[in-house]
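Note that these values count all heavy atoms, side chains included, but never hydrogens, waters or copies made by symmetry. Fair warning: this is a prediction, and the values are worked out from it, not measured in the lab.
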Amino acid sequence: QVGLVESGGGLVQAGGSLRLSCVASGRTFSNYAMGWFRQAPGKEREFVAAITRSGAIASYADSVKGRFTVFRDNAKNTVTLQMNTLKPEDTAVYYCAAGSYSYGSESYDSWGQGTQVTVSS
């Protein structure tokens, strides 16, 4: 497994932007696809975005497509989620995860502690 620490969450008004970062440690970062998931109160954890090991391919949930961008820097062991045009429904705890490229959380075996994103209307 790889250690993951997220940062960058906070409170923002609707229409604003936030950038979440996830730093990995302990294993070769480039061996892992990375995913971002989120969980809102009372809801199940859901897929947000994923990026392949090289960073060449990324995928997004329909709800964030066109607003969020995921990218990675393997030299710095980081994956970033740039979130623009935020909406109140984006409010959730956001998690980064390392594993196999997939939309499903079961494909990821290392998880960060999560960072809270709150979007006010």
Side-chain angles (χ1 to χ4, degrees):
Q1 292 191 340
V2 61
L4 300 171
V5 178
E6 303 100 333
S7 62
L11 173 65
V12 64
Q13 289 188 334
S17 298
L18 280 176
R19 175 174 288 198
L20 304 184
S21 294
C22 175
V23 180
S25 63
R27 294 291 181 96
T28 303
F29 181 64
S30 58
N31 285 348
Y32 298 89
M34 298 298 295
W36 285 96
F37 292 79
R38 67 186 182 187
Q39 188 166 19
K43 295 187 177 181
E44 293 187 353
R45 187 172 298 186
E46 66 174 2
F47 170 78
V48 175
I51 189 165
T52 57
R53 292 179 293 173
S54 68
I57 299 172
S59 58
Y60 301 90
D62 287 344
S63 59
V64 307
K65 201 171 294 183
R67 300 188 298 121
F68 290 13
T69 303
V70 61
F71 54 95
R72 65 190 294 164
D73 184 339
N74 286 344
K76 296 182 178 180
N77 289 0
T78 61
V79 60
T80 301
L81 184 67
Q82 176 66 44
M83 306 187 295
N84 298 329
T85 319
L86 283 160
K87 304 176 181 180
E89 52 264 43
D90 294 318
T91 295
V93 176
Y94 284 71
Y95 301 88
C96 70
S100 300
Y101 184 69
S102 170
Y103 294 1
S105 61
E106 66 278 3
S107 297
Y108 298 86
D109 53 18
S110 296
W111 292 81
Q113 83 287 351
T115 185
Q116 176 71 47
V117 171
T118 303
V119 184
S120 63
S121 57

field: Arg53 (side chain) donor-acceptor with Tyr32 (main chain) under 3.5 angstrom
entry: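 Looks like no, no N/O pair under 3.5 Å.
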task: Please check if the side chain of Tyr108 supplies one atom and the backbone of Cys96 the other of a donor-acceptor pair under 3.5 Å.
output: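 No: the side chain of Tyr108 does not pair with the backbone of Cys96.
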Euclidean distance, [Y] [atom2] relative to [X] [atom1], rounded to 0.5 Å:
{"X": "Thr78", "Y": "Met34", "atom1": "OG1", "atom2": "CE", "value": "9.5 Å"}
{"X": "Ser25", "Y": "Asn77", "atom1": "OG", "atom2": "CG", "value": "8.0 Å"}
{"X": "Asp109", "Y": "Ser100", "atom1": "CG", "atom2": "OG", "value": "7.5 Å"}
{"X": "Ser63", "Y": "Phe47", "atom1": "OG", "atom2": "CZ", "value": "9.5 Å"}
{"X": "Thr69", "Y": "Tyr60", "atom1": "OG1", "atom2": "OH", "value": "4.5 Å"}
{"X": "Arg72", "Y": "Ser54", "atom1": "CZ", "atom2": "OG", "value": "8.0 Å"}

Over all heavy atoms of both residues, which pair between [X] and [Y] is shortest? Give the atoms and the distance, please.
{"X": "Val2", "Y": "Ala24", "value": "CG2-CB, 3.8 Å"}
{"X": "Pro88", "Y": "Ala14", "value": "CD-CB, 4.1 Å"}
{"X": "Tyr94", "Y": "Glu6", "value": "O-OE2, 3.9 Å"}
{"X": "Gly114", "Y": "Val93", "value": "CA-CG1, 3.8 Å"}

field: Partners meeting side chain to side chain donor-acceptor pair (under 3.5 Å) with Thr28 (sequence neighbours left out)
entry: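 None.
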- prompt: Taking only residues two or more places apart in sequence, or in another chain, which ones meet Ser102 in a side chain to side chain donor-acceptor pair (under 3.5 Å)?
  reply: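 Counting only residues at least two positions away or on another chain, Ser102 forms a side chain to side chain donor-acceptor pair (under 3.5 Å) with Ser107.
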- request: Report the C-alpha distance between Leu81 and Val48 in whole Å, list the side-chain angles of each, state the deciding distance to 0.1 Å, and finish with yes or no for side-chain contact (heavy atoms from CB on, under 4.5 Å).
  value: CA-CA 10 Å; Leu81 184 67; Val48 175; 4.1 Å; yes
query: Pairs in or reaching into residues 29-59: which pass disulfide bond (SG atoms under 2.5 Å apart), with residues at least two apart or in two chains?
result: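 Pairs touching residues 29-59 that pass the test: none.
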query: Quick one: which of Val12, Leu18, Leu86, Thr91 gives a side-chain contact (heavy atoms from CB on, under 4.5 Å) with Thr118?
result: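 Running side-chain contact (heavy atoms from CB on, under 4.5 Å) over Val12, Leu18, Leu86, Thr91 with Thr118 returns exactly one hit, Thr91.
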- prompt: Using links of under 4.5 Å between side-chain heavy atoms of ILVMFWY residues, direct or through other members, which residues join Ile57 in one cluster?
  reply: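 Joined to Ile57, directly or through intermediates: Tyr101.
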[Y] and [X], any side-chain heavy atoms less than 4.5 Å apart:
{"X": "Thr115", "Y": "Leu20", "value": "yes"}
{"X": "Phe68", "Y": "Asp90", "value": "yes"}
{"X": "Ile51", "Y": "Trp36", "value": "no"}

- prompt: Is it true that Phe37 and Trp111 have ring centroids separated by less than 6.0 Å?
  reply: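 Under 6.0 Å, so yes.
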- request: Among residues two or more places apart or on two chains, list those pairs meeting salt bridge (Lys or Arg N to Asp or Glu O under 4.0 Å) that have a residue in residues 43-52.
  value: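 Qualifying pairs, neighbours excluded: Arg38-Glu46.
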field: Qualifying side-chain hydrogen bond (donor to acceptor under 3.5 Å, both in side chains) pairs with a residue from residues 10-21, counting only residues at least two apart or across chains
entry: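 Those involving residues 10-21 are Ser17-Asn84, Arg19-Gln82.
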